[in-house]
Amino acid sequence: MPSEADRHYMARALELAERGLYTTTPNPRVGCVIVRDGSIVGEGWHQRAGEPHAEVNALRAAGDKAQGATVYITLEPCSYHGRTPPCTQALIAAKINRVVAAMQDPNPRVAGQGIQAIRAAGIAAECGLMEAEALELNVGFVSRMTRGRPWVRMKIAASLDGKTALTNGRSQWITGADARRDGHRWRARACVIMTGIGTVREDDPLLTVRDVDTSRQPIRLVVDSRLEVATNARVLGPGSLVAAAVAEQARSDALRAKGTEVIVLPDASGKVDLKALMQELGRREMNEVHVEAGYKLNGSLLREGLVDELLIYLAPHILGDTARGMFHLPELKDLSGRLELDIRDVASVGSDIRVIARPKADR
């Protein structure tokens with residue numbers, strides 16, 4: 001049975017893991033605390049892929065004091081050689097006394113083997129303390145490892161009557177500056193920022209992270225079935241992607257000259273196959289996709305069952321019936337067809353309200 005002290009130190013490890021919120025992709029966010037005789041002797045977190053893992057950083061900080069200590073880590077230690085050596089070996093070599101992990105690593109290459117290796121070395125090991133909190137920190141990594149696709153978070157700015165733009169497409173700015181800054185923090189944690197051709201035509205957005213101290217910019221992705229995006233669109237540039245349903249050579253070459261890669265994934269109706277696109281992003285080790293699009297692409301993603309989380313900012317004003325809504329969806333004939341949501345959080349952000357909701361698991 002975990003003690004209050006165990007919970008205290010694991011909470012600290014989770015705080016450390018969150019420091020890698022914007023930088024660790026495609027790796028998980030992991031924190032580690034080493035405790036001996038009731039005192040913290042070493043701390044660490046994983047900062048970016050290819051660099052030492054949280055356990056190694058904490059062990060370096062602890063030095064000889066790690067011997068006989070308890071290690072609190074937010075994710076099961078890795079047990080295989082990747083870009084860095086397995087952390088299980090480092091923990092065993094340090095002669096630690098006990099390992100407490102928040103959750104099992106969903107990576108099939110680990111999946112319990114790290115804990116097994118620790119126990120096989122005669123070290124006490126437990127898993128599951130504050131598992132829900134650790135999972136929330138790495139929903140994208142877990143999604144990619146278990147479903148083969150990223151976690152899709154859809155951000156929407158709307159009036160109180162659920163309208164996202166005027167009939168003419170104008171939408172800047174529905175919400176206030178505080179909500180927009182908050183939205184950039186959610187952008188920063190994503191691997192991909194995704195929009196549709198309609199939004200690019202009407203707003204010509206940059207879709208970069210601003211107002212956030214981060215060394216990494218997410219990849220920008222435009223869903224453009226007919227490959228109509230203008231080559232001078234601000235969203236394009238080195239590392240950007242366009243998902244299309246047609247393989248038009250001249251247009252593709254012009255985009256490639258801008259540093260933009262074209263992915264051709266048609267479905268049976270001549271649109272971009274969104275499910276195949278998410279699988280492709282998973283193959284490319286993308287953990288989280290942040291969607292900022294118009295009501296048509298929003299509706300398509302929702303219909304395909306690809307939206308894992310809704311991040312909705314509601315502004316205190318009314319735009320009226322003729323303004324555009326959040327989603328383009330078919331008419332319901334019966335309330336039994338509605339999409340049920342779990343409200344996860346409601347908060348005030350400046351003068352606006354932020355709602356975080358997820359489709360219910362039984363959909």
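Only heavy atoms go into these numbers, but all of them, side chains included; no hydrogens, no water, no symmetry mates.
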Please tabulate, one pair per line, all N/O donor-acceptor pairs under 3.5 Å involving side-chain atoms of residues 190-201, not counting sequence neighbours.
unit_1 : atom_1 : unit_2 : atom_2 : d
Thr195 : OG1    : Glu292 : O      : 2.7
Thr199 : OG1    : Gly294 : N      : 3.2
Arg201 : NH2    : Glu228 : OE1    : 2.4

Worksheet item: With distance as the sole test, does Arg226 use its side chain to make a donor-acceptor pair with the main-chain N or O of Gly270 at under 3.5 Å?
Response: no

Discussion item. Is there a side-chain contact (heavy atoms from CB on, under 4.5 Å) between Arg189 and His290? Walk through the geometry before answering.
Written reply: CA-CA 9 Å; Arg189 66 176 286 165; His290 179 92; over 6 Å; no

Discussion item. Checking side-chain hydrogen bond (donor to acceptor under 3.5 Å, both in side chains) between Arg354 and each of Asp178, Thr175, Asp182, which is the one that passes?
Written reply: Asp182

Fill in: Partner set under side-chain hydrogen bond (donor to acceptor under 3.5 Å, both in side chains) for Arg284, not counting sequence neighbours
Glu261, Glu280

Item to complete: Might you point out which heavy atoms bring Val235 and Ser240 nearest each other, and give the distance in Å?
Response: O-CB, 3.8 Å

Item to complete: State yes or no: do Ile174 and Ile156 share one hydrophobic cluster built from I, L, V, M, F, W and Y residues joined by side-chain heavy-atom distances below 4.5 Å, directly or via other members?
Response: no

Worksheet item: Do the side chain of Asp352 and the main chain of Gly176 share a donor and acceptor less than 3.5 angstrom apart?
Response: yes

Worksheet item: Can you name the one residue among Arg149, Arg344, Arg144, Arg153 that meets salt bridge (charged side-chain N to carboxylate O under 4.0 Å, His left out) with Asp308?
Response: Arg149

Worksheet, complete the sentence: Between Thr231 and Ala254 the two heavy atoms that sit nearest each other are CG2-CB, 3.9 Å

Worksheet entry | Hydrophobic cluster identity match, Val272 and Leu302, side-chain contacts under 4.5 Å | yes

Item to complete: Kindly say whether Leu207 contributes a backbone atom to a donor-acceptor pair with the side chain of Arg220 at under 3.5 angstrom?
Response: no

Discussion item. Is it the case that the side chain of Thr164 and the backbone of Gly325 share a donor-acceptor pair, with hydrogens and angles ignored and the cut-off at 3.5 Å?
Written reply: yes

Worksheet item: Any link between Leu332 and Leu301 through a network of hydrophobic side chains (Ile, Leu, Val, Met, Phe, Trp, Tyr) touching at under 4.5 Å?
Response: no

Worksheet item: Just by modelled atom types, is the Ala233 backbone N or O under 3.5 Å from a matching donor or acceptor in the Asp204 side chain?
Response: no

Worksheet item: Quick one: salt bridge (Lys or Arg N to Asp or Glu O under 4.0 Å) pairs with a partner in residues 322-331, sequence neighbours left out?
Response: Glu202-Arg324, Glu331-Lys333

Discussion item. Quick check against the 3.5 Å criterion: does Glu76 have a side-chain atom that pairs as donor or acceptor with the backbone of Gln113?
Written reply: yes

Item to complete: State whether the side chain of Thr23 and the backbone N or O of Gln47 hold a donor-acceptor pair below 3.5 Å, judged by distance alone.
Response: yes

Discussion item. Determine whether a donor-acceptor pair (N or O, by modelled atom type, separation under 3.5 Å) exists between the side chain of Asp224 and the backbone of Val242.
Written reply: no

Worksheet item: Within a radius of less than 6.0 Å around CG of Asp345, do more than 12 heavy atoms belonging to other residues, nucleotides or ligands occur?
Response: yes

Worksheet item: Is Arg216 reaching over with its side chain to a backbone N or O of Ala188, donor-acceptor style, under 3.5 angstrom?
Response: yes

Discussion item. Count I, L, V, M, F, W, Y as connected when their side-chain heavy atoms are under 4.5 Å apart, and connections chain through other members. Are Val291 and Tyr295 then in the same cluster?
Written reply: no

Worksheet entry | Gap separating the OG atom of Ser351 from the OH atom of Tyr313, nearest 0.5 angstrom | 13.0 Å

Response to the item:
Here the ring-ring contact (aromatic ring centres under 6.0 Å, His included) pairs for residues 15-46, sequence neighbours left out, are His46-His53

Worksheet item: Could you give all pairs that pass the side-chain hydrogen bond (donor to acceptor under 3.5 Å, both in side chains) test and reach residues 56-73, with sequence neighbours left out?
Response: Asp6-Tyr72

Discussion item. With clusters defined by side-chain heavy atoms of hydrophobic residues (ILVMFWY) lying less than 4.5 Å apart, directly or transitively, does Val355 cluster with Met154?
Written reply: yes

Could you pull out every donor-acceptor pair under 3.5 Å between side chains of residues 132-140 and any protein atom, sequence neighbours left out?
unit_1 : atom_1 : unit_2 : atom_2 : d
Glu136 : OE1    : Arg358 : NH2    : 2.6
Glu136 : OE2    : Arg358 : NH1    : 3.1
Asn138 : OD1    : Arg29  : N      : 2.7
Asn138 : ND2    : Arg29  : O      : 2.9

Item to complete: Could you tell me whether the side chain of Arg187 and the main chain of Arg210 form a donor-acceptor pair under 3.5 Å?
Response: no

